[in-house]
Amino acid sequence: MQTTQSPAIAEMQNGNRRTIPNINPATMELIADVPVFTSQEVDELVKRARRAFKDWSGLSLKQRAKILKKLQKLIVARKDEIAHTVCEETGKTEMDGILEVFTVSEHLNYFRKKGPKYLKPEKRSTGVFLWKAAYTNFQPRGVVGVISPWNYPFILTAGPVLQALMAGNTVIVKPSEVTPATTLKLKELALEAGIPDDVLLVATGDGSTGGALVEHPDTDMICFTGSTATGRKIGEICGRMLKPSILELGGKDPMVVFADANLERAVNAAIWGGYSNSGQTCISVERVLVESSIHDKFAQMVADKLKETKQGFRQDFPSLGSMTFEKQVGIVQEHLEDAKQKGAHLMLEGGRHDDFDGLFMKPALVTEVTSDMKVWKDETFGPVIALQKFNTEEEAIDLANSTAYGLNASVWTKNGKKARRVARSIISGAICINDVDANYIMSDLPFGGVKESGIGRVYGKEGLRAFTNMQSVLRDRLGLKKELWWFPYSQGTQKLFRKVINTLFG
Ligand code: NAD
């Protein structure tokens, strides 16, 4: 068995500790055994991060932006190394690995350029109180715990981490036990860029390590990205502790295709949106709603194009890599089996791919779907698209909204008015019109879910500010002896206020 070890991992492997194997799912080669941090070790990290907070938060916004610029340059220079690390532990195609680096670079470029503007004190109106001044401060929260999943190990770790750092927090990251190497690579680059060791710390491990970070009385905020089930547990703990949290959770995104859509573009979008990264994307297209008159043509076009899609790892520029997580393969198979039993038609059957040793699955296309099927209501998180027909706009909206999730969505029509109307009626954190998933790379657009897809936003002005405590400041400008509403009260001032109410607001 071939073993490729990152220096950061090798350094950590001393002593007799519980470890988890990090495996390349496309080849089943062992990459490394990675330690599971205990709650005592998490406690030590929190103490280190707490001590480092004063100096890091004491830097000006411009100073922190300058350090992040160095990190950006390093990420660009070492893009292939990062993409390689991502691909080795996820089984992604090289292109999907490069797209992770591209996305992080775009986001980082935004955080460091816009951070100083959006995080500096912001003037606010004082309404009728013309003799006052008001503004808001954005104070860093303190020690932020970031817990990330395995499906985009670079984007979903670097995104929250870099926003938190820009805002002046120190950070402890708990990467997924399935994909820790990419986070250790980020740590390596951050150190080289001049981010002090204790400002960004990594606690590898599983749910027990993540739990220790959440439960720790001295972590000031948790930013969690992962499943709705885990997010619910974390939300409950944070609620009990009154600890601020951002929860970026699962999705079951609908794509609504009207008969007047640009069909070729919609078909290509369904294929990329549904099957890239083997469908293991929180904003993956999982449900496609197609107007009845074009349903059969649409389905056939998707099936024909998918048959030509190259699958593989490392060689020949495949479009589809392997699955990342063995458990997910089981969930996908269960959903397909459930659909078959309930009478769906598997236009493309999907299932395990026998040509490979690793966790490869063939793309599946399911039609004749009903809303009680798992492929329609539960997150599949695999290379599967489920199709349903609709006849009216209202029916399409009802079907789109018929799950517990509300992360992303898309609507496809050449009628701009209809597109905007439908977009407003679909309950989701974001929606694309004649596009798919591209909102995620628009750094100025906040990202996050509604319903069971989560709480809070990352990216954009709102995302950067989510990693801060907003402090409202009011300053008196005149220095009068006393305000009209201070003691002692009198009949005269009471009368005056009655008059003022009538004059100003009547
Ligand atoms: P998961 O919930 O199993 O694990 C996510 C992380 O939480 C891992 O690091 C894990 O070790 C940790 N964890 C597990 N139990 C914990 C606990 N009790 N306390 C603290 N931490 C704990 O999710 P996953 O399988 O890694 O990721 C896939 C899921 O993530 C999918 O549902 C997907 O939709 C979702 N996701 C959401 C977004 C988004 O931005 N909304 C992005 C990507 C993935």
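For ligands, and for the atoms within them, numbers begin at 1 and follow the listed sequence. Residue numbers start at 1 and run along the sequence shown.
- In terms of protein heavy-atom proximity, atom 10 (C) of ligand 1 is nearest to Glu177 OE1, 3.5 Å.
- A 4.5 Å side-chain heavy-atom check between Val458 and Ile246 finds at least one atom pair inside the cut-off.
- Remark: side-chain polar atoms of Asp444 are not paired, donor with acceptor, to backbone N or O of Gly460 under 3.5 angstrom.
- Near Glu248, meaning under 4.0 Å from one of its heavy atoms, ligand 1 places the atoms 37 (C), 38 (C), 39 (C), 40 (O), 41 (N).
- Taking atom 32 (O) of ligand 1 as the reference point, the nearest protein heavy-atom neighbour is Glu379 OE1, 2.6 Å.
- Of the protein's non-hydrogen atoms, Ile147 CG2, 3.7 Å is the one closest to atom 12 (C) of ligand 1.
- The protein heavy-atom contact nearest to atom 24 (P) of ligand 1 is Trp150 NE1, 3.4 Å.
- Atom 15 (N) of ligand 1 has its closest protein heavy atom at Thr230 CG2, 3.4 Å.
- If you check each of Gly449, Gly207, Ser227 against atom 18 (N) of ligand 1, the one with the closest non-hydrogen atom is Gly207.
- The shortest contact between atom 19 (N) of ligand 1 and any protein heavy atom is with Gly211 N, 3.5 Å.
- Of the possible donor and acceptor atoms, one in the side chain of Arg64 sits under 3.5 Å from a partner among the backbone N and O of Met166.
- When the heavy atoms of Pro149, Gly226, Ser148 are ranked by distance to atom 8 (C) of ligand 1, first place goes to Ser148.
- Under a 3.5 Å cut-off, the side chain of Gln163 and the backbone N or O of Gly159 do form a donor-acceptor pair.
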*Step by step, would you call Lys252 with Glu379 a salt bridge (Lys or Arg N to Asp or Glu O under 4.0 Å)?*
CA-CA 5 Å; Lys252 190 75 192 170; Glu379 188 179 42; over 6 Å; no

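- Across all their heavy atoms, Val199 and Asn169 have their closest contact at CG1-O, 4.5 Å.
- In the candidate list Leu249, Val178, Asp206, Leu249 is nearest to atom 41 (N) of ligand 1, counting heavy atoms.
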*Could you walk me through whether Lys47 and Glu44 pass salt bridge (Lys or Arg N to Asp or Glu O under 4.0 Å), step by step?*
CA-CA 5 Å; Lys47 285 183 181 136; Glu44 280 161 30; over 6 Å; no

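- Protein heavy atom in closest approach to atom 28 (C) of ligand 1: Phe381 CE2, 3.7 Å.
- Considering Gly145, Cys282, Pro160 only, the shortest heavy-atom separation from atom 38 (C) of ligand 1 involves Cys282.
- Per-residue contacts place Lys174 under 4.0 angstrom from the following atoms of ligand 1 (heavy atoms of the residue considered): 8 (C), 9 (O), 10 (C), 11 (O).
- Shortest contact from atom 43 (C) of ligand 1 to any protein heavy atom: Leu156 CD1, 3.1 Å.
- A centroid separation of 6.0 Å or more is found between the aromatic rings of Trp376 and Tyr405.
- Heavy atoms of Thr228 found under 4.0 angstrom from ligand 1: none, in either backbone or side chain.
- Taking the six-membered ring wherever Trp is involved, the centroid distance between the rings of Phe138 and Tyr118 does not fall below 6.0 Å.
- For an aromatic pair to be called close, the ring centres must be under 6.0 Å apart, and His353 with Phe356 satisfies this.
- Selection from Gly448, Gly210, Pro175, Gly251 by nearest heavy atom to atom 21 (N) of ligand 1 gives Gly210.
- The contact set between ligand 1 and Leu407, taken as ligand atoms under 4.0 Å from a residue heavy atom, comprises 41 (N).
- For ligand 1, the atoms closer than 4.0 angstrom to any heavy atom of Asn151 are 43 (C), 44 (C).
- Residue Phe447 has at least one heavy-atom neighbour below 4.0 Å for each of these atoms of ligand 1: 40 (O).
- Of the inter-residue distances, the one linking Leu45 atom CG with Leu213 atom CG reads 8.5 Å to the nearest 0.5 angstrom.
- Note that atom 4 (O) of ligand 1 has no protein non-hydrogen atoms nearby, at separations under 4.0 angstrom.
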Please table the atom pairs, donor to acceptor, closer than 3.5 Å between any side-chain atom in residues 233-240 and protein atoms at least two apart or in another chain.
none

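- Residue contact check: Thr225 has heavy atoms under 4.0 Å from atoms 5 (C), 37 (C), 38 (C), 39 (C), 40 (O), 42 (C), 43 (C) of ligand 1.
- Taking the centre and axis of the six-membered ring of Phe37, the NZ or CZ atom of Arg17 falls inside the cone set by 45° and 6.0 Å.
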